[in-house]
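One structure follows; several queries about it will come next.
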Amino acid sequence: MPASSGPASPARTRISAPRLIWHGRGRYIRVLGTIRQLQQALWQHRDLLRSKDEDARMPLHEDVATAVAELCRRNGGAWIKFAQFLSCRPDLLPPPYIDAFTALREDAPSAHFDDVQPWLEELLGKDWASTFSAFNIIPVASASIAQVHRATLADGTEVAVKLQLPRVRQEFHEDAAALRALTRVLAPLLREVDLRQVVNQLIATTERELDFNEEARHLEEFSALPHGPNIRVPRVFPALCSERLLVTEWMEGPSLSQILEADDETRIKPLLETLLDSTLQQVLEFGLFHADPHPGNFIAMDSKTLAVLDLGAVEHLSAEDRQRYTLLLMALLKSDGTPLLPLFEAAGFGGVDEARLTLLSQALIAAREHDATLASNLRTLMDEFRRLHLRIPDPFVAMVRVLITVGGLMTRYSIPFRWPALNG
């Protein structure tokens, strides 16, 4: 099929429950084994489940978190995506879960090209090879739901071909059903959290990330913003993109992760300063920001320039929300006596009262005595929000999650976190 005619649209199919169970039987067996293991642990420690002292329950949380993280690692695919989502929600889960899920990495083995080629034929037609003058059958990167191949279009343009792995979408539906079953077992241990709501949100978020049309739209929207001179966004080739295929301009260079691992001090500081400046511009000026800014999602194109990859997850903030959230964070992190209750209410929080705010202020003051870094204070803030059962707007969670990620990198490499709104 010529490139100009575009890929065929994949048909959505409804898969019956018995078929889901049969095809997912290996992963279901592991889920059932983990459920039995957790049920035994919760029964043995049933006295702790009745306790209101979360610190007393922490060893049980650690055991459960380890078991669930191991299940996600072994099942792979959407389970890794589930874990990644939850690792970014310290407002919902105690620290043992955040630590266990953060440790998971998407170093999934790549699919053999014999399995991938029929997929390309379905998406681009049987003469898919005519679209390219070169196509490297060995992927340059593999993750839980997709792998990336380097290729050259017929006109000589070098591109990255992100291909969703076969069976990922079918397995996602299987895994969503199993995750809901697991949730029912964990509900007594995490009774402070509406797990059903959280899991439904998690499943909806993951399903959106499985639609590469969504990522293509994010890339085009993101590239239209007036970024600084040291930020590059790859061009998208819409005629070749579909729900399971994303073709973008090839960005040459090592990932920021590779540079950090190599401990190349001459390159680390200027590149991280670029990342910080861009993140603050996205959050404070654009109101559209990369929601997963880990170093593997950036390519170092020269000593200061970063190319932004993997925009499957972006978040939007209205101008009003940016102002309200910034004022709230300023007041919380500076502790300058500003009345907090009106700021929380204006920002859309629920469950806030003066008694809870007094406890929150005390916890933040105690935390600053041990670690005054922005990332640490924000982690404490989110943990205390969870302990106090506050209802937090999702955009606020996304913003703070990004600031924790980027702020942690700045702290690690001794780079000042220059947020004018907080330093002014």
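None of these values were measured; they are calculated from a predicted model.
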Legend entry - Sole candidate of Leu360, Val400, Ile404 that passes side chain to side chain contact (heavy atoms under 4.5 Å, CB included) when paired with Leu381: Leu360
Legend entry - Donor-acceptor contact present, side-chain Arg244 to main-chain Leu123, <3.5 Å: no
Inset, instruction - State which residue, out of Asn200, Leu202, Val199, fulfils the side chain to side chain contact (heavy atoms under 4.5 Å, CB included) condition with Thr183. - result: Val199
Inset, instruction - May I ask you to decide whether Glu384 forms a salt bridge with Arg356, counting only side-chain N to carboxylate O separations under 4.0 Å? - result: no
Inset, instruction - Report the C-alpha distance between Ile392 and Phe349 in whole Å, list the side-chain angles of each, state the deciding distance to 0.1 Å, and finish with yes or no for side-chain contact (heavy atoms from CB on, under 4.5 Å). - result: CA-CA 5 Å; Ile392 314 171; Phe349 280 66; 3.6 Å; yes
Legend entry - Criterion side-chain contact (heavy atoms from CB on, under 4.5 Å) on Glu265 and Tyr413, from CA distance to verdict: CA-CA 9 Å; Glu265 295 183 4; Tyr413 293 97; over 6 Å; no
Inset, instruction - Taking the side chain as every heavy atom from C-beta outward, state whether Asp394 and Glu315 have any pair of such atoms under 4.5 Å apart. - result: no
Legend entry - Pairwise distance CG(Leu240) to CH2(Trp128) - rounded to 0.5 angstrom: 12.5 Å
Legend entry - Beyond-backbone contact of Gln282 with Pro293, side-chain heavy atoms, under 4.5 angstrom: no
Inset, instruction - For the pair Ser87 (side chain) and Phe101 (backbone), establish whether a donor and an acceptor sit closer than 3.5 Å, ignoring hydrogens and angles. - result: no
Inset, instruction - Could you tell me which non-hydrogen atom of Ala307 sits nearest to which non-hydrogen atom of Met251, and how far apart they are? - result: CB-SD, 3.5 Å
Inset, instruction - Could you label the plane-to-plane angle of the Phe82 and Trp79 rings as parallel, tilted or perpendicular, counting under 30° as parallel and over 60° as perpendicular? - result: perpendicular
Legend entry - Ile299 side chain near Trp250 side chain, heavy-atom distance below 4.5 Å: no
Inset, instruction - Starting at CG of Asp99, measure out to NE2 of His61 and round the result to the nearest 0.5 Å. - result: 13.0 Å
Inset, instruction - Determine whether the side chains of Glu62 and Thr66 contain a donor N or O and an acceptor N or O closer than 3.5 Å. - result: no
Legend entry - Residues Arg386 and Asp383 bridged, charged N to O under 4.0 Å: yes
Inset, instruction - Just do the side-chain contact (heavy atoms from CB on, under 4.5 Å) check on Leu332 and Phe344 with the steps written out, would you? - result: CA-CA 10 Å; Leu332 287 167; Phe344 271 103; 4.0 Å; yes
Inset, instruction - Test side-chain contact (heavy atoms from CB on, under 4.5 Å) on Val247 and Thr131 and set out the steps. - result: CA-CA 12 Å; Val247 181; Thr131 303; over 6 Å; no
Inset, instruction - State yes or no: are the ring centers of His149 and Phe132 separated by less than 6.0 Å? - result: no
Legend entry - Gln164 side chain to Leu210 backbone, donor-acceptor under 3.5 Å: yes
Legend entry - Whether Asn297 side chain and Asp292 backbone form a donor-acceptor pair below 3.5 Å: yes
Legend entry - Heavy-atom pair of closest approach, residues Val140 and Arg150: CG1-CB, 4.2 Å
Legend entry - Arg180, CZ: over 12 other non-hydrogen atoms inside 6.0 angstrom: yes
Legend entry - Taking every non-hydrogen atom, the tightest pair across Met399 and Tyr325: CE-CB, 3.7 Å
Inset, instruction - Working to the nearest 0.5 Å, report the span between CG of Leu219 and CZ of Phe212. - result: 11.5 Å
Inset, instruction - Report yes if some heavy atom in the side chain of Pro270 is under 4.5 Å from a heavy atom in the side chain of Asn230; otherwise report no. - result: no
Inset, instruction - Please work out whether the ring planes of Phe396 and Phe385 are parallel, tilted or perpendicular, with thresholds of 30° and 60°. - result: tilted
Inset, instruction - State the CZ-CD1 distance between Arg74 and Ile80, to the nearest 0.5 angstrom. - result: 12.5 Å
Legend entry - Nearest-0.5 Å distance that lies between atom CZ in Phe237 and atom OG1 in Thr248: 8.0 Å
Legend entry - Any side-chain heavy-atom pair of Val402 and His290 under 4.5 Å: no
Inset, instruction - Over 60° means perpendicular and under 30° means parallel, so classify the ring planes of Phe222 and His227, tilted if in between. - result: tilted
Legend entry - Side-chain touch Leu409/Ile415, heavy atoms, less than 4.5 angstrom: no
Legend entry - Where His316 and Leu288 come nearest, the two heavy atoms and their spacing: NE2-CD1, 3.3 Å
Legend entry - More than 12 heavy atoms from other groups under 6.0 Å of CZ on Arg235: no
Inset, instruction - Could you walk me through whether His294 and Gln84 pass side-chain hydrogen bond (donor to acceptor under 3.5 Å, both in side chains), step by step? - result: CA-CA 12 Å; His294 73 73; Gln84 287 182 326; 5.8 Å; no
Inset, instruction - Check whether any side-chain N or O of Thr274 sits under 3.5 Å from a backbone N or O of Thr305 as a donor-acceptor pair, and report yes or no. - result: no
Inset, instruction - Considering non-hydrogen atoms only, spot the tightest contact between Ala69 and Leu104 and give its length. - result: O-CD2, 3.8 Å
Inset, instruction - Indicate the atoms forming the closest heavy-atom contact of Ser142 with Gln147, along with that distance. - result: OG-CB, 3.9 Å
Legend entry - Any side-chain heavy-atom pair of Arg267 and Pro254 under 4.5 Å: yes
Inset, instruction - Starting at CG of Leu284, measure out to CG of Leu317 and round the result to the nearest 0.5 Å. - result: 9.5 Å
Inset, instruction - Please examine the side chains of Trp119 and Asp115, heavy atoms only from C-beta on, and report whether any two atoms are closer than 4.5 Å. - result: no
Inset, instruction - Using side chain to side chain contact (heavy atoms under 4.5 Å, CB included) as the criterion, point out the one residue from Thr405, Ile231, Leu256, Val308 that pairs with Leu275. - result: Leu256
Inset, instruction - Identify the residue among Glu209, Glu207, Glu171 that makes a salt bridge (charged side-chain N to carboxylate O under 4.0 Å, His left out) with Lys81. - result: Glu209
Legend entry - N/O donor-acceptor pair under 3.5 Å between Thr152 side chain and Glu158 backbone: no
Inset, instruction - Using a strict 4.0 Å threshold on nitrogen-to-oxygen distance, state whether Arg217 and Glu214 make a salt bridge. - result: yes
